2 protein chains.
Amino acid sequence: MTTSKVYIETFWQIHRMIEEAGLQPGDRLPSERELADRLRVGRSSVREALRALELLGLIETRRGEGTFMKPFGDHQLIQLLGSFILQGNREKRDLIETKIFIERICLQLACERLTDEKLELISQTEHTYNSFFRRIVEATDNYLLLRIWLVLNDFFEHVYTLTLPSEFYEQMWMALQKRLCEEATAIYEQYVMQKMSKEN
Amino acid sequence: MTTSKVYIETFWQIHRMIEEAGLQPGDRLPSERELADRLRVGRSSVREALRALELLGLIETRRGEGTFMKPFGDHQLIQLLGSFILQGNREKRDLIETKIFIERICLQLACERLTDEKLELISQTEHTYNSFFRRIVEATDNYLLLRIWLVLNDFFEHVYTLTLPSEFYEQMWMALQKRLCEEATAIYEQYVMQKMSKEN
DNA sequence: GAAGTTAAGTGGTCAGACCAGTGGCTGCTT
DNA sequence: AAGCAGCCACTGGTCTGACCACTTAACTTC
């Protein structure tokens with residue numbers, strides 16, 4: 001066979017290289033020429049692989065300086081996705097539905113595991129949906145859920161902007177403070193789900 | 001300034017070209033050489049732009065034939081994103097916890113939306129956990145949830161192999177057939193969650 | 001010591017070459 | 001006329017070498 005394309009192979013090799021070297025955000029990768037040399041491929045193949053990594057938001061290239069690891073979170077990919085893929089109603093429905101389910105899980109988990117420190121943090125967080133709910137998801141103490149939520153939220157931002165009255169944040173905080181999980185869920189359903197279902 | 005990179009410009013130009021020409025899935029794009037000629041850029045820049053479009057799932061390249069529009073829907077992007085999101089410090093606990101939550105959601109959704117066709121499909125599916133539950137997730141009719149579950153399951157397989165007695169599959173199918181959502185959830189909790197919590 | 005200059009290294013881009021598939025055309029055989 | 005084999009033009013895939021624009025650091029000069 002050997003029909004697998006070089007730039008795909010190269011993509012995964014660079015990816016593995018990053019993992020094995022344990023590169024952190026800000027760290028520098030070898031230069032394109034060195035990568036091409038080390039991996040025994042042409043520089044153009046290395047570049048095509050790097051483009052993919054760049055699009056995924058893992059790396060960032062600075063002309064004259066080099067290629068650097070990027071902090072997780074700012075994937076410009078999501079922006080592109082928004083304009084390309086989330087056009088259909090079906091995709092939007094899936095997105096909203098999934099986001100709501102994940103958020104309800106997170107809310108419940110957070111309520112159970114909320115520490116006093118995290119509670120204090122939430123009280124100091126500005127009253128925008130993204131900031132506020134991010135704190136909640138962080139309070140679940142489940143990194144995987146956080147990552148999933150971050151991506152869903154990025155997608156979501158390209159479809160809607162959710163603004164809620166300040167009562168929502170106040171009531172939610174009260175419920176969380178008292179660890180009333182059912183009440184917190186009820187508030188979520190009352191404010192968020194109602195608003196979302198209207199939009200559809 | 002005019003420092004914007006050529007391959008980015010090219011990316012948008014090709015995108016506009018696709019829109020203006022009203023290209024449909026299956027249609028062919030101009031060859032790389034012709035694009036380079038028409039847009040007055042080098043072929044390598046065209047290729048880097050095409051790689052981005054390919055990653056977004058908009059086009060597909062076939063050696064010897066050309067570049068073609070791809071049908072919407074199979075955005076492998078989400079798949080790719082998923083595998084990147086879920087890498088790194090994926091704690092076993094986080095993984096199992098998240099997977100269980102997602103599966104409970106899917107089970108409930110599937111139970112509500114199960115069509116007779118899907119039910120028939122499930123009955124014909126082999127009694128392994130992956131095959132069986134994949135059918136259930138597919139029955140949710142939510143593509144995004146399916147993607148998330150597939151990735152979670154991929155990682156889970158590296159940690160653990162879940163084998164359940166045939167009673168599980170029989171009882172679950174009975175519950176689904178009668179659309180008894182609570183009972184299905186109860187069966188899930190009885191067999192799967194119990195087994196998982198033991199392992200931890 | 002500070003300012004300016006130079007050189008090496010890096011990503012960005014291009015042109016040209018060759019390879020490896022694909023598909024259509026031609027011309028031969030039957 | 002039908003079918004087949006072979007040729008050839010075209011496509012994406014890859015490599016190379018060359019230049020440009022830019023950054024950094026070492027070096028020179030004052």
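Since the structure is predicted, the reported quantities are computational estimates derived from the model, not experimental observations. In what follows, chains are A, B, ... by sequence order, proteins preceding strands, each numbered from 1.
Remark: C1' of D:dG13 and CD1 of B:I59 are 14 Å apart, rounded to the nearest angstrom. At whole-Å resolution of the value, CZ in A:R63 and P in D:dC22 are 6 Å apart. In this structure, B:E34 atom CD and D:dC10 atom C1' are separated by 12 Å, rounded to whole Å. Atom CZ of A:R33 is separated from atom C1' of C:dT13 by 11 Å (rounded to the nearest Å). Between the CG atom of A:D37 and the P atom of C:dG11 there is a distance of 14 Å, rounded to whole Å. Atom pair B:R40:CZ and C:dG12:P shows a separation of 24 Å (rounding to whole Å applied). Across the protein-nucleic acid pair, A:K5 atom NZ and C:dG21 atom C1' stand 12 Å apart, rounded to whole Å. Rounded to an integer number of Å, the gap from A:E32 CD to D:dG17 P is 17 Å.
No hydrogens or angles considered: nothing links the side chains of A:Q194 and A:Q190 as a donor-acceptor pair under 3.5 Å.
Side-chain to base pairing of A:R43 with D:dG17: no donor and acceptor N or O lie closer than 3.5 Å to each other.
More than 12 heavy atoms of other shown residues, nucleotides or ligands fall within 6.0 angstrom of atom CD in B:Q124.
Proximity of B:R47 to the phosphate of D:dG13: a side-chain N or O atom is located under 4.0 Å from OP1 or OP2. Put simply, A:R28 has a side-chain N or O that comes within less than 4.0 Å of OP1 or OP2 on C:dT10. One finds no side-chain N or O of B:T61 lying less than 4.0 angstrom from the OP1 or OP2 phosphate oxygen of D:dT11. Within the 4.0 Å cut-off from OP1 or OP2 of D:dT11, at least one side-chain nitrogen or oxygen of B:S31 is found.
The residue B:R62 sits close only to the backbone: its heavy atoms come under 4.0 Å of sugar-phosphate atoms, none of a base.
Here A:F156 and A:Y160 bring their ring centres to under 6.0 angstrom of each other.
Comparing C:dT13, C:dC14, D:dC15 against the side chain of B:S44 picks out C:dC14 as the nearest.
By the 4.0 Å N-to-carboxylate-O rule, A:R47 lies close enough to A:E32 to be salt-bridged with it.
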Can you check side-chain hydrogen bond (donor to acceptor under 3.5 Å, both in side chains) on A:T61 and A:E54, steps first, answer last? CA-CA 8 Å; A:T61 56; A:E54 191 179 27; 3.3 Å; yes
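Taking the nucleotide of DNA chain D with the nearest heavy atom to each of A:G64 and A:S45, the more 5' of the two is matched to A:S45.
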